[in-house]
Amino acid sequence: MSGTRLTRRALIAGAGATALAAPALASFGAKLGGMIDLALPGGPSLRPTTPAFPGKGEMIVQRIRPPLLETPMEVFREGIITPNDRMFVRWNWPMPTEVKAAEHRVAVGGAVKNAVSLTLDEVAAAGETVEVVAINQCAGNGRGLSEPRVTGTQWGNGAMGCAKWTGVRLKDVLAKAGLGAGAKRVRFTGLDVPLTDGAPQFIKSLPMDMAMRDDVLVAWAMNDEPLPILHGFPLRIVVPGWFSTYWVKMLSTVEVLTGEDDSYYVADSYRIPAQPITPDAKDFPTVPITAMPPRAFITSHTTGDTVALGKPLTLEGIAMGGDAALERVDLVGKGWEIPCDLGPDEGGPYAFRRWSVKLPQVAGDFADIGVRAKNVNGAVQPETLAWNPSGYARNVIERITLRAQ
Ligand SMILES: Nc1nc2c(c(=O)[nH]1)N[C@H]1C(S)=C(S)[C@@H](COP(=O)(O)O)O[C@H]1N2
Ligand SMILES: [Mo]
C-alpha cells in the first residue's frame, strides 16, 4: 500500500477517533475484566485488567489517566508481532483525545534552510515508503521488579511489544527544510501538553547521526493499520534499537538544534549512571538512556508451574538483541547452561525472535532457571541487576522456578 493511500485511510480513522477518555472511564467499572499478579517483589502486585480502552483488548491497568497500560505476558506466546490491541500504552501527560488529520501539520524548523509546515500527505510524499519491524520498549520496562525498589510506574515486563512500522525516513522529512549549518541534534514535540503549569513538555531529541539513519522513521502505520490514537495518531517517530522514550507520538514539530538539548526529558530525566553504582550512591555522573540491551523471556511457563517428572520438556519464549541482531540464547541454571534453538528470523535485527529448547527428561525441580540472550555485538544479559534509581534499562536474566511431579 502506498504511503499516501495509507495516510488517506488514517485521515478517515482520525475523523472517528473522538472522545477517547470519556467512554473509557465511563465503561471502566462495568467492563472491568479480572486481576493479574505481576509478582513484583514486596508488592502490592495485583493489577486490574480491562478491555475498556478504545481499540484495546484485555490490558493491565497501571494508571487510567494519562493511560499506562501493560501487555499481559501471555500475549508474547502468540508470535513475534504484538497486535495493536495488545501493545502497551504510555503517556507522560494527558493526551489529546481527538486529532483532526486534515488540519494536522508537522512544523520542521530550527537550524534549517527553509522552515516548512507539512500536511500528512506532504510527509508521506517526502520520500520512499519504508517498513521496519521493531520493538517498542519503555526504558522503565520491568522497573517494578527492581530490588531495592525504585519510584516510577511499577511495570512488570509487559511495557514492550513488537510491531511493523510504516513511514518515511526522518532524513527525507528533514530534507524538505534542508539542514542548516552546525546542525547537531533533532528535537521532537507531540501534541500532548503538561497537566500542570510550568511542568516540562514531553520533548525528546536525537543526535544527528541517529536522526539521519536509514531506518529512523516518521511513521503513520503500525501493523498495516493507521496509528491508533493511543499510539500517537497521526505520526510518530520510530527509532529501531533505541528505547521508545525517543519515539515521540502525535508528532507536531521537528526542530534542528545546533547545540546540546537542555530540555528536561533529555538533560534531567531518562538518564542512567555512567558507571555501575550501589543504591546508596549520591551525585554520580549520568548518561542518557539510548540503545536497548539484549533480553530474553520464557513464555511457555511461568514461575510455580508444574512439569512432568521423567518426561521430556520443551521450553519456549522470545528474545531480542536490542540495538543489534540476536546471536544466541542459552537456558541457564545454577552452574549449567544449554544452548537454545533460535526460530526463523521473522522480523530482522530489531524484532523479537522465538527460541525453544527441548530437554530430554525432567529429573527434578528447576530452581531459578532463566534464559540469557547475547547479540552480535557481544552484549550479553548479566547475572545481576545493574541497579539504578529509576529502574531503567533492566536486562538482568529473568528467572523462574518449576516444580517436577
Ligand atoms: N508525545 C508523546 N510521545 C511519547 C510519550 C509521551 O508521553 N508523549 N511517551 C514516550 C514513552 S516514555 C514511551 S515508553 C512510548 C510508548 O509508546 P506506546 O504508548 O505507543 O507504547 O512513547 C513515547 N512517546
Ligand atoms: Mo517510556
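For the single chain, residues carry numbers from 1 onward in sequence order. As the structure is a computational prediction, the values presented were derived from the model and not from experiment. Each ligand, and each atom within it, is numbered from 1 in the order the structure gives.
Contacts between N136 and ligand 1 below 4.0 angstrom, taking non-hydrogen atoms only, involve the side chain exclusively. Here R236 has side-chain heavy atoms under 4.0 Å from ligand 1, and that is the only part of it that gets that close.
Between the side chains of T153 and Q62, no donor N or O sits under 3.5 Å from an acceptor N or O.
Between R185 and E255 no salt bridge is recorded (no basic side-chain N to carboxylate O distance below 4.0 Å). Under a 4.0 Å N-O distance rule, the pair D261/R187 qualifies as a salt bridge. Here R105 does not pair with E122 in a salt bridge; the nearest charged N to carboxylate O distance is not below 4.0 Å.
Close approach to V89 involves these atoms of ligand 1, each under 4.0 Å from a residue heavy atom: 19 (O). Proximity to W91 (heavy-atom distance under 4.0 Å) selects the following atoms of ligand 1: 1 (N), 2 (C), 7 (O), 8 (N). Atoms of ligand 1 lying under 4.0 Å from any heavy atom of C138, numbered from 1 in the order shown and given with element: 14 (S).
Residue contacts with ligand 1: Y270 is included, with a non-hydrogen atom under 4.0 Å away.
Of the protein's non-hydrogen atoms, the one nearest atom 9 (N) of ligand 1 is N92 ND2, 3.3 Å. Protein heavy atom in closest approach to atom 2 (C) of ligand 1: D192 OD2, 3.5 Å. Among protein heavy atoms, the minimum distance from atom 24 (N) of ligand 1 is reached at W247 O, 3.1 Å. Nearest protein heavy-atom neighbour of atom 19 (O) of ligand 1: K249 NZ, 2.4 Å. The protein heavy-atom contact nearest to atom 15 (C) of ligand 1 is S244 O, 3.6 Å. For atom 21 (O) of ligand 1, the nearest non-hydrogen atom of the protein is F88 O, 2.7 Å.
Dense packing is recorded around CG of D280, with more than 12 heavy atoms of other residues, nucleotides or ligands lying under 6.0 Å away.
Relative orientation of the F202 and Y270 rings is perpendicular, given thresholds of 30° and 60° on the angle between their planes.
Distances from atom 4 (C) of ligand 1 to the heavy atoms of W93, W155, F202 put F202 nearest.
Here I298 contributes atom CD1 and D305 contributes atom CG; the two are 10.0 Å apart, rounded to the nearest 0.5 Å.
Judged by a 6.0 Å distance limit and a 45° cone about the ring axis, K204 is not positioned over the six-membered ring of F188.
The salt bridge (Lys or Arg N to Asp or Glu O under 4.0 Å) test with E327 is passed by exactly one of K374, R353, R372: K374.
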